[in-house]
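See below for the structure under consideration.
Order of the sequence lines sets the chain letters (A, B, ...), proteins ahead of strands, with each chain counted from 1. Only heavy atoms go into these numbers, but all of them, side chains included; no hydrogens, no water, no symmetry mates.
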Amino acid sequence: MKELKMDCEVSSFIDFSKYEGKDITLTGSIQNLRVLGWGGFIILRSNSYMVQCVAAKESVNIENLSVESVIKIVGLLKTATIKDKSIIPNNYEIELKSIEVLSTPSIDVLPVDTTKRELNVALDTKFDLRPLTLRHPKQRAIFKIQSTIFNAFGNYLTNIGFNRICSPKIVFSGAEGGANIFQLDYFKRKAFLTQSPQFYKQMMVGVFGRVFEESPVFRAEKHDTSRHLNEYISLDLEMMLSNGFEDLIVTEANVLAYIFDNIRETCKYEIELLEINVPIINKIVTMKFNEVHETVFQNYKKDFRGEKDLAPEEEQLICDYVKKTYDTEFVFVTHYPMEKRPFYTMEDKNDLGYSLSFDLLFRGLEITTGGQRLNKYEDYIDRMGKLNMNIDSFDSFLQTFKYGMPPHGGLGLGLERLTAQICGLSNVKEASLFPRDINRLTP
RNA sequence: GACCAUGUAGCGCAGUUGGUUAGCGCGUCGGCCUGUCAAGCCGAAGGUCGCGGGUUCGAGCCCCGUCAUGGUCGCCA
């Protein structure tokens, strides 16, 4: 039997200021190496840090070290002024006393150079070599921000009474119409990978009133664009509505505002490194679907009127318009035509043919779809009948409404899309650690 | 699936109207450098020009096919 101490260095966050003038021991990878006549510098990548170490010839020898070798160092922590924005912290450095090499790369030459300010490689190469390319400071910064979004979404909703749920990803039937769905063999029965936690969110509103989930969803669509993935992380929420479907819009605006504040607070280095502007939401602008068509026609002379959906170009134009006119980067587009929305969507009784649903456009891209759902059993039976759907196969879902359900609605926010738009990435795949698209299944 | 573009050294690229031995930057290797921070300076190695066929005295360059990648669109978050 051996008892370990719970309170030790692995259980704490390194506060460099506490080590000033003292020795510090760190284990990390060599991010970069500069050998000079008198010794040189090592940039050590360690947890969330990228620390500069100074190697004087008389103390340590760094001539035989190489980038991506893992070393354990002991040195004296001193204040410093460091210009390189990828080095965190930039006000301390370590004067090395000893270096122990723990491992070295097993190949002589790394396939790409991760030591430069920009990771200058083609997308395909970047993804093929993901275990290495993600080590570049700018790549790390993207996913530090993504991690912050993920946590902030959950924290904000938890604070206002939402309950986190984890719904199954292997399902009996698909939730959405239209989109293709991945099929798999489930003990000799047909099963699917979920396209959306939609049905489970709704079931759980009957239990908790407010729920959220952050999990992967799978789309077997053969799309091949810079804004689609076949597997992505969906930030979902579903809630009872006390004032109608606009509750959803207000909730989303607030959760986004919280996320952006969180990023500004905890990702200062990353924001500076990526040279990005984290957006501000201090007002909520909504436009009806038809109003968007009309506005784009009036202001840009592009006629999409009569189209049942927004074209990518139109999304960009309306975002441009809203920015100029209302000084905001966000526009909630409401009242999409019923025929473009799934069967569980609530129709606006005052605007027949149009739904109580919305998309959120941010910097020219759709990042959310949401809306109020049907909540009465009879309405489901009626709607599904009109759409010639097989009611029996939705039996377990329809229980929810049989047993009574309040007015409710929800939304789904694409994590990679939001990350990409915040970080100014032109391809959403860059906001996925290991993107899955029509051609890519590895790494 | 449609349309457009690209494929040249480990990586990112240039390569003129078809013409001797295919270039540049980074990385790698050797050397120099007492504070670098995209370090700098000197030197060296490294390429069947995606693949197959064709035109031509001659093809990285022109033509046909094929594969791969990127962009736009369809669909969507």
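Between the P atom of B:A77 and the CG atom of A:D236 lies a distance of 10 Å, rounded to the nearest Å. Put simply, CD on A:E93 is 13 Å from P on B:G35, counting in whole angstrom units. Spacing between atom NZ of A:K83 and atom P of B:A38 amounts to 8 Å, rounded to whole angstrom units. When rounded to the nearest whole Å, the span between CD of A:E221 and P of B:C76 equals 7 Å. Separating the CD atom of A:E339 from the P atom of B:C76 is a distance of 12 Å, rounded to the nearest angstrom. Look at CZ on A:R117: it is 18 Å from C1' on B:G27, rounded to the nearest Å. Per the geometry, CG belonging to A:L110 stands 9 Å off C1' belonging to B:G27, to the nearest Å. The CD1-P distance, from A:I438 to B:A2, rounds to 12 Å in whole Å.
The ring-ring contact (aromatic ring centres under 6.0 Å, His included) analysis of residues 284-323 of chain A, with sequence neighbours excluded, yields the pairs A:F289-A:H293, A:F289-A:Y336. Pairs passing the side-chain hydrogen bond (donor to acceptor under 3.5 Å, both in side chains) check and including a residue from residues 431-443 of chain A, sequence neighbours excluded, read A:D124-A:R440, A:D128-A:R440, A:K429-A:D437.
Across B:U8 and B:G12, the matching C1' atoms stand 12 Å from one another, rounded to whole Å. The C1' atoms of B:G40 and B:C33 are separated by 8 Å, rounded to the nearest whole Å. With both ends at atom C1', the span from B:C73 to B:A14 equals 32 Å, rounded to whole Å. On the P atoms, B:G52 is 23 Å away from B:C57, given to the nearest whole Å. Separation of the P atoms belonging to B:A68 and B:C76 is 27 Å when rounded to the nearest angstrom. Spacing between B:C11 and B:A44 at atom P, rounded to whole Å, works out to 24 Å.
At a threshold of 4.0 angstrom between heavy atoms, the contacts of A:I82 include nucleobase atoms, whether or not backbone atoms are also involved. Residue contacts for A:T368: at a heavy-atom cut-off of 4.0 Å it reaches the sugar-phosphate backbone alone, with no base atom in range. A:L229 comes within 4.0 angstrom of a base, heavy atoms only.
Under the side chain to side chain donor-acceptor pair (under 3.5 Å) criterion, A:K386 pairs with A:D382, sequence neighbours left out. A:T369 pairs by the side chain to side chain donor-acceptor pair (under 3.5 Å) definition with A:D359, A:E366, not counting sequence neighbours. Judged as a salt bridge (Lys or Arg N to Asp or Glu O under 4.0 Å), and not counting sequence neighbours, A:E272 has no contacts. For the side chain to side chain donor-acceptor pair (under 3.5 Å) test, residues two or more places apart in sequence or in another chain that qualify with A:E93 are A:Q52.
Side-chain contact check for A:Y232 and A:R417: no donor-acceptor pair (N or O, by modelled atom type) lies under 3.5 Å. Side-chain atoms of A:H335 and A:D351 form no donor-acceptor pair, as typed in the model, at a separation below 3.5 Å.
Around CD of A:E63, the count of heavy atoms belonging to other residues, nucleotides or ligands within 6.0 Å does not exceed 12. Dense packing is recorded around CE of A:M384, with more than 12 heavy atoms of other residues, nucleotides or ligands lying under 6.0 Å away.
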Check the interface with nucleotides 40-43 of chain B: list each N/O to N/O pair with the protein under 3.5 Å, or write none.
none

Distances under 3.5 Å between nitrogen or oxygen atoms of protein and nucleotides 24-26 of chain B:
unit_1, atom_1, unit_2, atom_2, d
B:C26, O3', A:K116, NZ, 3.3
B:C26, O2', A:D113, OD2, 2.8

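Against RNA chain B, the stretch residues 39-68 of chain A makes heavy-atom approaches under 4.0 Å through A:F41, A:Q52, A:V54.
In this structure, the ring of A:Y19 has its center no less than 6.0 angstrom from the ring center of A:Y92. Here the two rings, on A:F182 and A:F218, have centers that are 6.0 Å apart or farther. Here A:Y344 and A:F394 keep their ring centres 6.0 angstrom or further from each other.
In the set B:A77, B:A38, B:U36, the nucleotide with an atom closest to the side chain of A:R34 is B:U36.
Separation of atoms CD1 (A:I318) and CG (A:N299) is listed at 7.5 Å; rounding is to 0.5 Å. Here CZ of A:F41 is found 9.5 Å from CD1 of A:I87. Values are rounded to the nearest 0.5 Å.
Between A:F330 and A:F362, the ring planes are parallel. Angles under 30° get that label, and only those over 60° would be called perpendicular.
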Contact state string [nucleotides 69-74 of chain B, B base, S sugar-phosphate only, - no protein heavy atom under 4.0 Å]: S-SBBB
Test log, rule side chain to side chain contact (heavy atoms under 4.5 Å, CB included), inputs A:T286 and A:F358: CA-CA 9 Å; A:T286 72; A:F358 66 95; over 6 Å; no
Side-chain donor-acceptor distances from residues 208-215 of chain A under 3.5 Å, at least two apart:
unit_1, atom_1, unit_2, atom_2, d
A:R210, NH1, A:I160, O, 2.6
A:E213, OE1, A:S167, N, 3.2
A:E213, OE1, A:S167, OG, 2.9
A:E213, OE2, A:S167, N, 3.0
A:E213, OE2, A:S167, OG, 3.3
A:E213, OE2, A:K169, NZ, 2.8
A:E213, OE2, A:S215, OG, 3.1
A:E214, OE1, A:R164, NH1, 3.1
A:E214, OE1, A:R164, NH2, 3.2
A:S215, OG, A:K169, NZ, 3.0

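With pairs defined as Watson-Crick or G-U wobble and both atom distances under 3.5 Å, the stems of at least three pairs that touch RNA chain B come out as B:1-7 with B:67-73, B:10-13 with B:23-26, B:28-32 with B:40-44, B:50-54 with B:62-66.
Contact annotation: A:T125 side-chain N/O to B:G12 OP1/OP2 distance is under 4.0 Å.
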